[in-house]
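Let me begin by presenting the structure, written as structure tokens, before commenting on it.
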Amino acid sequence: MKLSRFIVSVLSIGLLASCSQSENTSESFKAYKDFEVVVNNSITWPEILNQEEKSYIIFFYSETCAYCHEMQQEVIDFAITCPLKTYFLNTSENTVPIKEDKVINVKNYEEASITGTPTILEVNDVTITDNIAGIDDCLTYLNAQRVKQN
């Protein structure tokens, strides 16, 4: 009897500890829409190739993507500090074609697609010139752009 109470007590403590950890984890992530730079530079899918700048990037993210949240501060800092214009597109709120192959060298948004989130599209002269997918490649791209811009 004492052993079963002890086991129940230990399991209860473990359950409470795991609940408080998951609560703290979710609190550490702010929604992208909580950042002014994201709100001011949000675009929709049909707008990806018709911005005023000659060269810019578009960061595709989803509020439910853990990798997007993991790199959130990096991409927001990049958007604030780097001269290369950064636009944001929330795939949770926009219908975006997702295909297996990376598409580049297109000048029409209807021919474009991404492979998932996070993704960065680089646009030069109304043409998608680079399509970077995945957290590691996106972070490598942002760091290379920082070096290139300085």
Side-chain angles (χ1 to χ4, degrees), residues 11-150:
L11 290 175
S12 297
I13 291 170
L15 180 61
L16 289 172
S18 68
C19 289
S20 65
Q21 283 179 336
S22 64
E23 183 178 319
N24 289 339
T25 302
S26 64
E27 286 178 9
S28 66
F29 293 126
K30 289 175 67 176
Y32 272 85
K33 62 186 172 192
D34 291 340
F35 293 91
E36 184 177 347
V37 68
V38 175
V39 173
N40 292 339
N41 296 303
S42 288
I43 61 174
T44 63
W45 180 251
E47 299 172 326
I48 66 169
L49 294 174
N50 62 351
Q51 299 305 309
E52 292 180 17
E53 295 80 14
K54 182 177 177 178
S55 296
Y56 55 92
I57 65 169
I58 306 161
F59 178 67
F60 292 80
Y61 69 96
S62 171
E63 289 294 348
T64 60
C65 172
Y67 297 116
C68 296
H69 282 287
E70 192 174 324
M71 66 179 289
Q72 182 178 52
Q73 199 56 56
E74 280 290 322
V75 74
I76 289 171
D77 289 347
F78 179 88
I80 293 169
T81 61
C82 284
L84 183 62
K85 182 71 173 188
T86 303
Y87 290 99
F88 294 85
L89 196 148
N90 184 350
T91 62
S92 303
E93 297 175 357
N94 289 269
T95 302
V96 176
I98 297 177
K99 296 184 180 171
E100 197 170 308
D101 297 325
K102 292 183 179 181
V103 176
I104 59 171
N105 298 321
V106 297
K107 296 181 182 230
N108 184 332
Y109 82 93
E110 292 171 334
E111 298 172 20
S113 65
I114 64 171
T115 59
T117 58
T119 289
I120 295 173
L121 293 185
E122 182 179 314
V123 179
N124 292 293
D125 296 322
V126 195
T127 303
I128 296 172
T129 56
D130 211 345
N131 186 329
I132 302 96
I135 186 171
D136 293 334
D137 290 343
C138 285
L139 290 173
T140 299
Y141 174 84
L142 293 177
N143 288 330
Q145 287 300 314
R146 279 189 183 98
V147 170
K148 189 175 175 181
Q149 300 295 322
N150 290 330

What distance do [X] atom [atom1] and [Y] atom [atom2] have between them, rounded to the nearest 0.5 Å?
| X | Y | atom1 | atom2 | result |
| --- | --- | --- | --- | --- |
| Thr119 | Leu89 | OG1 | CG | 10.5 Å |
| Lys33 | Ser42 | NZ | OG | 11.0 Å |
| Leu142 | Phe59 | CG | CZ | 8.0 Å |
| Ser55 | Lys85 | OG | NZ | 13.5 Å |
| Ile120 | Leu139 | CD1 | CG | 7.5 Å |
| Tyr87 | Ile57 | OH | CD1 | 11.5 Å |

Side chain of [X], backbone of [Y]: donor and acceptor closer than 3.5 Å?
| X | Y | answer |
| --- | --- | --- |
| Asn131 | Ser113 | yes |
| Gln72 | Lys30 | yes |
| Thr91 | Tyr61 | yes |
| Glu47 | Thr44 | yes |

| said: Quiz question: by atom type and distance under 3.5 Å, do the side chains of Thr127 and Thr129 form a donor-acceptor pair? | reply: no
| query | Do the side-chain N and O atoms of Glu122 and Tyr141 include a donor-acceptor pair separated by under 3.5 angstrom? | reply | yes
| field | Lys148: salt bridge (charged side-chain N to carboxylate O under 4.0 Å, His left out) partners, not counting sequence neighbours | value | none
| field | Residue pair Asn41, Thr86: steps toward the side chain to side chain contact (heavy atoms under 4.5 Å, CB included) verdict | value | CA-CA 7 Å; Asn41 296 303; Thr86 303; over 6 Å; no
| said: Does the plane of the ring in His69 sit parallel, tilted or perpendicular to the ring in Tyr32? Use 30° and 60° as the thresholds. | reply: tilted
| message | Check the orientation of Tyr109 and Trp45. Use parallel for under 30°, tilted for 30 to 60°, and perpendicular for over 60°. | response | perpendicular
| query | Would you say Lys54 and Asp125 make side-chain contact, with heavy atoms under 4.5 Å? | reply |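 The answer is yes; the side chains approach within 4.5 Å.
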| request: Give the C-alpha distance, both sets of side-chain angles, the deciding distance and a yes or no for side chain to side chain contact (heavy atoms under 4.5 Å, CB included) between Cys82 and Gln145. | output: CA-CA 8 Å; Cys82 284; Gln145 287 300 314; 6.0 Å; no
| query | Going through the checks in order, is the side chain to side chain contact (heavy atoms under 4.5 Å, CB included) test met by Val123 and Gln51? | reply | CA-CA 10 Å; Val123 179; Gln51 299 305 309; over 6 Å; no
Could you report the tightest heavy-atom contact between [X] and [Y], atom names first, then the distance?
| X | Y | result |
| --- | --- | --- |
| Val126 | Leu49 | CG1-O, 3.2 Å |
| Cys138 | Met71 | CB-CE, 3.6 Å |
| Thr117 | Cys68 | CB-SG, 3.7 Å |

| message | Take a 6.0 Å sphere around OH of Tyr56 and say whether it holds more than 12 heavy atoms from other residues, nucleotides or ligands. | response | yes
| field | Evaluation steps, side chain to side chain contact (heavy atoms under 4.5 Å, CB included), between Ile128 and Ile48 | value | CA-CA 9 Å; Ile128 296 172; Ile48 66 169; 4.3 Å; yes
| field | Member of Asn94, Asn90, Val96 meeting the side chain to side chain contact (heavy atoms under 4.5 Å, CB included) criterion with Ser92 | value | Asn90
